[in-house]
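Contents: one structure, followed by commentary.
Proteins come first, then strands; the chains are lettered A, B, ... in the order of their sequence lines, and each starts at number 1. Only a predicted model underlies this, so the values are computations on that prediction, with no experimental measurement involved.
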Amino acid sequence: MGTARLYASVAAGGFRRYATYRVATAAGVFTNTVFGLILAYIFIALWDTRPHLGGYDQAQALSYVWLSQALLMVVAVMGGGFEDELIERIRTGDIAIDLYRPADLQLWWLAQDMGRALFHLLGRGMVPLAFGALFFDLALPADPLTWLAFLVAVTLGVVVGFSIRFLVALSAFWLLDGVGVSQLTMIAGVFCSGMLLPLNVFPGTLGEVVRALPWSSLIQAPVDVLLGTADPLGTYAFQAAWALVLLTAGRLLQSAATRRVVVQGG
Amino acid sequence: MSGAPEWTAEPFPRQGPYERLCDGLRAYRLITAMWMRSTMAYRASFAMTALGNFAATALDFVAILLMFSQVDRIGGYGLPEVAFLYGVAGTAFGLADLALGSMDRLGRRVRDGTLDTLLVRPAPVLAQVAADRFALRRLGRIVQGLLVLGYALAVLDIQWTPLKVLLVPVMLLSGGVIFSAVFVAGAAFQFVAQDASEVQNSFTYGGSTLLQYPPTVFAKDMVRGVTFVLPLAFVNWLPALYVLGRPYPLDLPAWVAFTPPLVAALCCALAGIAWRAGLRAYRSTGS
């Protein structure tokens, strides 16, 4: 019970920390809305030429645009959450202090990241989605259960997103500089999460590959659950499997890394 | 500092705008040269980040290619024409990003107070902020834009006239200047907003994304907005559609295609005014 309370307060801290940046949040909402607008018109042009592209009708495609803008920061497709800080702590050696703490490194950062994700869902997700719903014809469900199912998929997406970024951060134990790996992960995240274009639209084998990769848990999976184009239980199983694999990998890497820690005195 | 350097004796000699410009360019050149030397100290790292920059920007063209694997036309335009729009917008934005891409750090400098160190140095603040952390890796974006433009020019069937040939480099340069003005104006806004660099991103990155697609895709009001309010349409849409022999969705005379240099000059003047107003309004955090 004590540990549960510890991680809950870490999560609350993560939430509060991001909630401090009100102007930045407003600016981010503005940006997500502008990009949503641009993408919405591009998608209208696409779906005008090819109705039912990727199995979506136009309203579903437009919903996809605004939902992906709403989720972009929640699941941290482009990175920019805790991992920069963790990499910095590894580089400077401050990580040694963290390892002394009576809390697990992976769980600590996971809790913090969940708090961050919740803030971004409320702070940066809702307004662009509401804007999209107001000015475009979206196919959002009225059934609260579907929204609940969506939130479960979003939560799993956040965990998968976290576990990818945790691995990225731990690579700094070996590389010391996280820039290259972060950049590669950002490229993979943008391309394979469905941020640019729904993964259903990717042709042939490429489409099958990107849909099988963990990044499809971030955007494509939750959106499909909300739009009713994917079976929720199957989606959860897919996301949970990736979360389990990646978290386990993170755990193994963490214990390998802590054996490497060199504490510099001074 | 022992022995006062000469410049402290006469801190800010009266200068005309021409001298100030030369001063600024000189400071910019010196600072960027310093950053380039420091980048080149780690050549492998530079090569990797430049490649990463190239790959990251290539993604949106990959998205366009994926779209064209499913449709023949977007907004009535074929792939070569969209590639032409993309190439011009991408290169012009790349030029501005290379020259002034560091300006979005201004908000952070205002917040943490490090802007003050730039204010006391005897060089124009704009040049210092622009050249700060000059990142040569941003060449990746320009190279990517030029490659797509090269592809477009190779496959497009254009009735070339001397005017059209001339218009292509003019477009790239004045487009770069227009985007640069947006960078400066965005930075000026950050003096006030401090924590709002993302607003700037939506006009720079968002603007270049918008211009990568034909204007027929977007709502008339959006097209009007980027023509008459934030004149991004002069970066590529107006001149490029003239080269392609396509009508502009708004009723504008044909000679408008040749106005980008004028619009670029006007944008610079306005951005300069905004920058001065921002700098005057600046209050140090005192930390």
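Atom CE of A:M78 sits in a sparse spot, with 12 or fewer heavy atoms from other residues, nucleotides or ligands closer than 6.0 Å. Applying the 6.0 Å contact sphere to CG of A:D48 captures more than 12 heavy atoms from other residues, nucleotides or ligands. Within 6.0 Å of CE on B:M40 lie more than 12 heavy atoms contributed by other residues, nucleotides or ligands.
Proximity to chain A (any heavy atom under 4.5 Å) is restricted, for B:S69, to the side chain, taken from C-beta onward. In this structure, the portion of B:Y213 lying under 4.5 Å from any heavy atom of chain A is its side chain and not its backbone. If you measure heavy-atom distances from A:F202 to chain B, the contacts under 4.5 Å come from both the backbone and the side chain. Proximity to chain B (any heavy atom under 4.5 Å) is restricted, for A:L53, to the side chain, taken from C-beta onward. For A:A27, the parts lying under 4.5 angstrom from a heavy atom of chain B are both the backbone and the side chain. Heavy-atom distances place both the backbone and the side chain of A:I38 under 4.5 Å from chain B.
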Task: Verdict with supporting geometry, A:I42 and B:M67, side chain to side chain contact (heavy atoms under 4.5 Å, CB included) - done: CA-CA 10 Å; A:I42 296 168; B:M67 289 175 193; 3.9 Å; yes

Open item on the list: side chain to side chain contact (heavy atoms under 4.5 Å, CB included) for B:L66 and A:L206? Distances and angles first, verdict last.
Closed with: CA-CA 10 Å; B:L66 284 173; A:L206 178 64; 3.8 Å; yes

TODO: In sequence, state the C-alpha distance, the side-chain angles, and the governing distance for A:L46 and B:I74, and then conclude on side chain to side chain contact (heavy atoms under 4.5 Å, CB included).
DONE: CA-CA 6 Å; A:L46 278 178; B:I74 295 177; 4.0 Å; yes

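The heavy-atom pair separating B:V62 from A:F191 by the smallest distance is CG1-CE1, 3.5 Å. Across all their heavy atoms, B:G52 and A:I187 have their closest contact at O-CD1, 3.8 Å.
B:S202 places no side-chain N or O within donor-acceptor distance of the main-chain N or O of A:V34, the cut-off being under 3.5 Å.
The residue from A:V23, A:T31, A:N32 that alone fulfils the side chain to side chain contact (heavy atoms under 4.5 Å, CB included) condition with B:E198 is A:T31.
Within residues 186-197 of chain B, the residues having any heavy atom closer than 4.5 Å to a heavy atom of chain A are B:A193, B:D195, B:A196, listed by residue number.
In this structure, CZ on A:R50 lies 15.5 Å from CZ on B:R73, to the nearest 0.5 angstrom.
Ring pair A:F30/B:F203 is tilted by interplanar angle, where 30° to 60° counts as tilted.
Note: B:L59 leads B:L210, B:L51, B:L59 in heavy-atom pairs under 4.5 Å with chain A.
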